[in-house]
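Below is one structure; the comments refer to it alone.
All values below come from the heavy atoms of this structure, side chains included, with hydrogens, waters and symmetry mates left out. Source: prediction; values computed, not measured. Residue numbers start at 1 and run along the sequence shown.
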Amino acid sequence: MCGIVGIVGKSNVNQALYDALTVLQHRGQDAAGIVTSHDGRLFLRKDNGLVRDVFHQRHMQRLVGHMGIGHVRYPTAGSSTSAEAQPFYVNSPYGITLAHNGNLTNVEQLAKEIYESDLRHVNTNSDSEVLLNVFAHELAQRGKLQPTEEDVFAAVTDVHNRCVGGYAVVAMVTGYGIVGFRDPNGIRPIVFGQRHTDEGVEYMIASESVSLDVLGFTLIRDLAPGEAVYITEEGKLHTRQCALSPKLTPCIFEHVYLARPDSIIDGVSVYKARLRMGEKLAEKILRERPEHDIDVVIPIPDTSRTAALELANHLGVKFREGFVKNRYIGRTFIMPGQAARKKSVRQKLNAIELEFRGKNVMLVDDSIVRGTTCKQIIQMAREAGAKNVYFCSAAPAVRYPNVYGIDMPSAHELIAHNRSTQDVADLIGADWLIYQDLPDLIEAVGGGKIKIEQFDCAVFDGKYVTGDVDEAYLNKIEQARNDSSKIKTQAVSAIIDLYNN
């Protein structure tokens with residue numbers, strides 16, 4: 001999960017890119033980067049850290065130009081060193097920079113092709129750099145001194161033919177324009193919009209519609225699966241379907257956890273979807289325990305609040321804010337390393353005792369992934385005096401790894417993998433655990449005014465929509481991307497950085 005943005009404006013876009021990245025900060029807290037283009041030159045700033053920490057006034061003053069792209073990152077593969085912060089850059093052809101959200105499932109094959117056939121060098125372990133080199137090679141194949149929109153769309157078509165996985169991309173061709181494109185399955189989200197100024201029309205491409213809203217852009221629409229949008233430096237917009245057999249199967253976990261509630265993804269309001277999740281959960285509770293003894297419903301801030309409120313309304317039970325959140329601690333789910341997650345929970349949340357003392361409490365969370373956070377929160381509720389602690393997940397049990405850009409790579413880290421609901425309840429210390437049913441989740445997200453027939457639900461049902469993920473592949477990424485491997489990689493990288501400095 002990362003956040004991407006690209007803007008073609010009529011004046012300097014550095015501040016707009018910065019503002020957009022702060023709105024997308026929830027999608028990645030590991031690193032941030034911005035690159036702008038002016039008079040055929042590139043100006044780049046990227047580093048580890050939050051947006052506010054990476055960009056200071058001296059950096060912003062150097063990021064001149066009327067078009068640029070930006071990225072906020074959290075690592076799903078590789079290390080957390082600044083070497084893998086995006087955007088990435090290649091000088092041939094034209095000078096291309098790229099920012100990417102997602103993950104390529106055939107990256108090893110592509111890396112080999114890039115080296116042996118395309119004669120290109122990749123400097124990091126990031127699949128985003130591989131994707132950049134594939135796009136650059138295919139654009140170079142057009143053999144034009146000045147690329148046209150036809151050349152750009154032909155290059156994207158070839159990218160789709162070579163790359164497999166989930167990806168949403170913004171790339172800037174220095175001196176010519178910005179291109180955005182989405183994988184043929186539409187797994188990762190990407191939208192574009194416009195705003196009118198005294199100088200003319202400006203365009204923006206981003207991961208979520210909320211970033212357009214905040215900057216005063218009007219949402220035009222989501223990019224369709226396989227579609228590309230190309231905005232020239234002069235501000236002319238072109239779109240083209242670049243995939244042979246596109247099919248919309250968006251990641252349902254965007255609505256569960258990843259996206260902001262004020263975003264609209266593929267025409268579906270994230271807020272409305274989460275309201276319906278709460279309604280479906282309440283119906284299941286009433287089916288299973290019509291004579292339940294729940295005294296109060298308490299959300300685990302922040303993502304589950306919307307579903308918890310609707311759940312309480314349908315149950316006719318009090319809704320209370322029982323936890324106070326420290327706003328200066330990052331999202332626990334996307335912190336690299338289990339030790340960091342464990343340490344951060346107590347720092348992030350504190351219980352309000354009067355909402356727990358002597359009550360049967362239903363805690364509501366968006367999902368249960370590793371189980372680390374909810375186990376500690378249940379213990380906090382007991383320490384605050386709760387009589388019984390029930391736990392409710394707005395999503396089904398997460399039993400399988402994600403391979404399309406969410407950090408759920410290792411099956412053995414998932415608490416529900418090969419375990420029953422009662423097993424998980426015992427492990428996290430809940431008196432009662434209830435999961436959302438997958439058909440209900442699909443109905444909650446895809447059953448509104450905009451009908452979506454199929455979602456990527458692989459983390460729940462183990463069905464991978466790209467069709468190339470097997471047990472051997474999952475075993476390979478588990479070895480490469482589990483927490484222990486990440487920690488080792490980070491340690492080695494830290495030693496190298498120390499030596500170089």
Side-chain angles (χ1 to χ4, degrees), residues 3-21 24 34-43 63-71 86-87 89 93-101 131-132 135-136 138-139 142 144 146-157 159-160 167-182 189-209 211-213 215-224 226-242:
I4 58 174
V5 60
I7 298 177
V8 177
K10 299 299 181 182
S11 58
N12 284 335
V13 296
N14 51 357
Q15 187 63 52
L17 288 168
Y18 176 95
D19 292 342
L21 290 183
L24 295 173
I34 290 175
V35 60
T36 58
S37 174
H38 179 65
D39 288 340
R41 293 184 61 194
L42 293 175
F43 302 88
L63 293 170
V64 295
H66 294 182
M67 70 175 182
I69 63 175
H71 186 266
Q86 299 182 40
Y89 166 75
Y94 316 115
I96 301 175
T97 50
L98 179 143
H100 162 227
N101 171 33
L131 181 56
L132 166 60
F135 175 68
E138 298 304 336
L139 191 57
R142 274 52 250 179
K144 299 283 188 67
Q146 296 181 331
T148 66
E149 67 271 17
E150 297 296 330
D151 299 319
V152 170
F153 291 140
V156 174
T157 297
V159 169
H160 289 330
Y167 50 90
V169 176
V170 288
M172 181 167 63
V173 184
T174 308
Y176 294 101
I178 288 178
V179 58
F181 56 92
R182 190 179 190 186
I190 183 170
V191 300
F192 66 102
Q194 64 180 16
R195 70 179 178 187
H196 295 271
T197 68
D198 293 338
E199 292 80 18
V201 180
E202 299 180 320
Y203 291 97
M204 179 176 175
I205 308 167
S207 292
E208 294 184 33
S209 64
S211 54
L212 276 69
D213 299 338
L215 272 71
F217 283 78
T218 301
L219 174 67
I220 296 176
R221 58 181 174 83
D222 299 78
L223 278 180
E227 187 182 21
V229 57
Y230 178 55
I231 306 156
T232 67
E233 192 173 32
E234 296 74 31
K236 293 183 179 179
L237 182 142
H238 308 271
T239 62
R240 181 78 54 83
Q241 176 54 255
C242 298

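- At least one side-chain heavy atom of Val159 sits less than 4.5 Å from a side-chain heavy atom of Leu131.
- Side chain of Asp19 to backbone of Ala16: no donor-acceptor contact under 3.5 angstrom is found.
- Atoms OG1 and CG, on Thr36 and Asn12 in that order, are 7.5 Å from each other to the nearest 0.5 Å.
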*Going through the checks in order, is the side chain to side chain contact (heavy atoms under 4.5 Å, CB included) test met by Tyr89 and Val35?*
CA-CA 9 Å; Tyr89 166 75; Val35 60; over 6 Å; no
*Going through the checks in order, is the salt bridge (Lys or Arg N to Asp or Glu O under 4.0 Å) test met by Lys144 and Glu150?*
CA-CA 11 Å; Lys144 299 283 188 67; Glu150 297 296 330; over 6 Å; no
*Please lay out, stage by stage, how Ile205 and Ile231 fare under the test side chain to side chain contact (heavy atoms under 4.5 Å, CB included).*
CA-CA 10 Å; Ile205 308 167; Ile231 306 156; 4.0 Å; yes
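- With a 4.5 Å cut-off on side-chain heavy atoms, Leu132 and Ile96 count as touching.
- The OG atom of Ser207 sits 5.0 Å away from the CG atom of Asn101 when rounded to the nearest 0.5 Å.
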_Step-by-step side chain to side chain contact (heavy atoms under 4.5 Å, CB included) determination, Thr232 to His238_ = CA-CA 8 Å; Thr232 67; His238 308 271; 4.1 Å; yes
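- Here the side chains of Leu215 and Ile7 are in contact, with some heavy-atom distance below 4.5 Å.
- With rounding to the nearest 0.5 Å, the separation of OH in Tyr203 from CE in Met67 is 15.0 Å.
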*asked:* Between Ile69 and Ile178, is the side chain to side chain contact (heavy atoms under 4.5 Å, CB included) condition met? List the steps.
replied: CA-CA 8 Å; Ile69 63 175; Ile178 288 178; 3.9 Å; yes
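- In this structure a side-chain-to-backbone donor-acceptor pair under 3.5 Å is present from Thr157 to Cys242.
- Side-chain contact between Val156 and Arg240: absent, with no pair of heavy atoms (C-beta onward) separated by less than 4.5 Å.
- Between His100 atom NE2 and Phe181 atom CZ the span is 8.5 Å, to the nearest 0.5 Å.
- Of all heavy-atom pairs between Gly68 and Val13, the closest is N-CG2, 3.8 Å.
- A donor-acceptor pair under 3.5 Å is absent between the side-chain atoms of Asp151 and the main chain of Arg142, judged by distance alone.
- Considering every non-hydrogen atom in both Thr174 and Gly40, the closest pair reads CG2-O, 3.5 Å.
- Scanning both residues, Phe217 and Glu202, for their nearest heavy atoms gives CE2-O, 3.5 Å.
- Panel note: side chain Thr218, backbone Gly193; no donor-acceptor pair is recorded below 3.5 Å.
- For the residue pair Arg182 and Asp222, the shortest heavy atom distance occurs at NH1-CB, 4.3 Å.
- Leu139 is listed as a side-chain neighbour of Tyr94, based on a closest heavy-atom distance under 4.5 Å.
- Using cut-offs of 30° and 60° for the angle between ring planes, the His38 and Phe43 rings count as tilted.
- Put simply, CD on Gln241 and CG on Leu223 are 9.5 Å apart, with the number rounded to the nearest 0.5 Å.
- Of the residues Ile220, Leu212, Leu219, the one that meets the side-chain contact (heavy atoms from CB on, under 4.5 Å) test with Phe192 is Ile220.
- Taking each heavy atom of Gly70 and Leu17 in turn, the nearest pair found is N-CD2, 4.3 Å.
- Closest heavy-atom contact between Pro93 and Ala136: CD-O, 3.2 Å.
- Atom NZ of Lys10 is surrounded by more than 12 heavy atoms from other residues, nucleotides or ligands within 6.0 Å.
- Without hydrogens or angle criteria, Arg41 side chain to Ser37 main chain gives no donor-acceptor distance under 3.5 Å.
- Ring-plane geometry between Phe153 and Tyr230 is classed as perpendicular, the angle between the planes exceeding 60 degrees on a 0 to 90 degree scale with a lower cut at 30.
- For the atom pair NE2 (His66) and CG (Asp39), the distance works out to 9.0 Å, reported to the nearest 0.5 Å.
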